[in-house]
Amino acid sequence: MESSASRFSRVMPTPRSLVIRLGFALLPLVVFSGTALAAHWAAGGWRDLHSGYPPRPNGLTEINSVFGARCTTDSNFNKFAWTADGVSWAVNFHKKLGGLPVPDFYSGNGGTSSNLFYDVRGHIGNEHLTVLGGIGAYNCRLKSGSTTQWSTHAWGIAIDINWNYEHLDCHNHTIDARVAELFQGHRWYWGLAFCDAMHFQYATGY
Amino acid sequence: MPAAEPARIRGAVGLVAIAALLGSFAGLVSAASKQSTVVETLADVGRITGVGERLILVVGGVFDSSEEADSAAAGLSFGDMAGFYVDTTDNYRVIGFYEQTSPDALSVACEDLPESGDGCPRGTSVAVLQPVSLRFRELADASGFLAGPDDPQCESIGSPPCTSMRLRGLLVRPSWQFAPDRYLLVSAFRTRRGAEEFVELARNRGAAVSAVRVVKLGGPYVGLGQEAHPDGVSGPLLSPLPDPDQYQR
């Protein structure tokens with residue numbers, strides 16, 4: 001099978017060369033502007049708002065109660081682009097988990113909270129943390145191997161990161177510890193608990 | 001007779017009350033049976049095989065044995081989400097196919113992206129993944145479409161993928177059907193939109209896929225039901241639509 005990833009890799013820098021190029025590109029900025037660089041998003045007006053978060057549901061009944069039916073327009077309401085490894089990945093997610101625009105960075109789609117894009121992504125950008133290629137959220141799919149349980153991706157309340165580098169493994173993974181902390185600090189439950197480290201979901205007990 | 005009047009009234013009230021009770025009971029039983037049907041349907045999507053229906057099949061590969069197909073499926077990581085299912089070619093009759101008209105990605109200068117910064121330094125460009133758009137073609141168009149050369153640009157960013165090259169490997173001359181006794185990695189859909197969203201997911205997870213329109217002749221569950229109802233509010237589409245052509249062409 002022809003791989004789409006291989007099509008991209010022919011014209012785009014490898015992660016390693018990208019890191020090297022990024023290093024050279026950013027070196028003068030680091031030397032001459034010091035703290036200004038570290039305050040990148042904040043300098044553009046971003047602050048963690050922590051506003052309008054829905055309660056984190058526990059179990060299927062509460063998921064349906066808080067977020068409504070799966071695979072609806074609301075599950076797929078917010079859309080933003082997240083660039084990693086030379087690819088801009090489309091991230092679609094639930095209306096209740098975001099939508100506020102980020103000053104100078106993104107226009108936003110509308111919604112009721114500052115959670116995923118504004119706060120979590122804002123922190124990761126502001127602190128220059130690394131998220132690797134393979135990022136996505138909403139998909140109307142069942143859980144792997146099941147015909148009775150829906151994945152939390154079907155409600156648009158789960159996000160996968162680093163999937164180009166991840167396998168289902170209980171011990172080894174590539175997720176930056178600080179990135180995982182940030183998600184968890186904003187009510188996201190880390191899938192490492194069930195050996196799926198690339199997965200974060202806004203629900204427990206399911 | 002004044003003494004008999006209250007007794008008659010009491011009798012009438014009693015009858016009305018009994019009728020109301022019986023009515024409520026019947027209503028409750030009816031509602032419960034309707035609800036249990038819905039719950040039962042939702043509880044096991046795996047029973048929706050789609051046999052006899054016209055469906056869109058997103059194909060991730062064709063193999064000579066089920067072991068090869070299983071191994072290829074295991075190599076594609078969809079994380080906690082269901083990916084492809086394995087079925088045999090004998091369970092399908094192909095009635096059409098889909099050409100991907102959208103590029104998988106466009107090269108965009110970082111200055112032109114709404115989000116710049118760490119992942120996209122100024123002076124460089126990135127591949128911006130695009131939503132997938134499929135165009136239906138009748139099987140009668142297959143010989144002309146598949147005999148022609150692929151667009152020389154189809155391997156590059158900004159052009160649609162090499163659809164005809166992929167389909168040539170899938171649809172075998174002269175009958176333009178799947179070769180018999182082979183194994184497919186597939187997921188089935190009732191709407192073109194559902195198929196497009198899965199093509200996008202599979203592409204982003206590293207699979208090169210094709211889409212064909214089929215009649216399902218038999219066989220197991222192959223992922224049907226995992227797409228949004230076209231009305232946008234009813235949740236997953238768990239039963240056939242009245243006019244499949246409207247949603248599949």
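Chain identifiers are assigned alphabetically (A, B, ...) following the order of the sequence lines, protein sequences preceding nucleic acid strands; residue numbering begins at 1 within each chain.
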Approximate separation, where rounding is to 0.5 Å, of [X] [atom1] and [Y] [atom2]:
X        : Y        : atom1 : atom2 : result
B/Tyr221 : A/Leu142 : OH    : CG    : 4.5 Å
A/Asn139 : B/Leu201 : CG    : CG    : 4.0 Å
B/Asp44  : A/Thr148 : CG    : OG1   : 6.5 Å
A/Thr73  : B/Asp231 : OG1   : CG    : 8.0 Å
B/Gln226 : A/Ser151 : CD    : OG    : 9.5 Å
A/Cys140 : B/Met81  : SG    : CE    : 11.0 Å

Contacting moiety of [X], where chain A heavy atoms sit under 4.5 Å:
X        : answer
B/Glu227 : backbone
B/Val128 : both
B/Ser187 : side chain

Contact between B/Arg205 and A/Asp160 at the side-chain level, heavy atoms closer than 4.5 Å - yes or no?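 Yes; the side chains approach each other to less than 4.5 Å.
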
Would you indicate whether the side-chain heavy atoms of A/Arg70 and B/Pro236 approach each other to under 4.5 Å?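 Yes; the side chains approach each other to less than 4.5 Å.
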
Looking at A/His153, A/Met198, A/His199, which one has more heavy-atom pairs under 4.5 Å with chain B than the rest?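 When all of A/His153, A/Met198, A/His199 are compared, A/His153 has the most.
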
Non-hydrogen atoms of [X] and [Y] that approach each other most closely:
X        : Y        : result
B/Cys120 : A/Thr83  : CB-CG2, 4.0 Å
B/Ala228 : A/Tyr138 : CB-OH, 4.3 Å
A/Thr72  : B/Gly235 : CG2-N, 3.8 Å

Name the region of A/Glu166, side chain, backbone, both or neither, that has any atom closer than 4.5 Å to a heavy atom of chain B.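 It is the backbone, since no side chain atom gets that close.
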
What residue, out of B/Gly79, B/Gly223, B/Gly194, B/Ser77, has the most heavy-atom pairs lying under 4.5 Å from chain A?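 With the most close heavy-atom pairs to chain A, the winner is B/Gly79.
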
A/Trp89 side chain vs B/Asn204 backbone, donor-acceptor pair below 3.5 Å: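 Judged by distance alone, no pair lies under 3.5 Å.
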
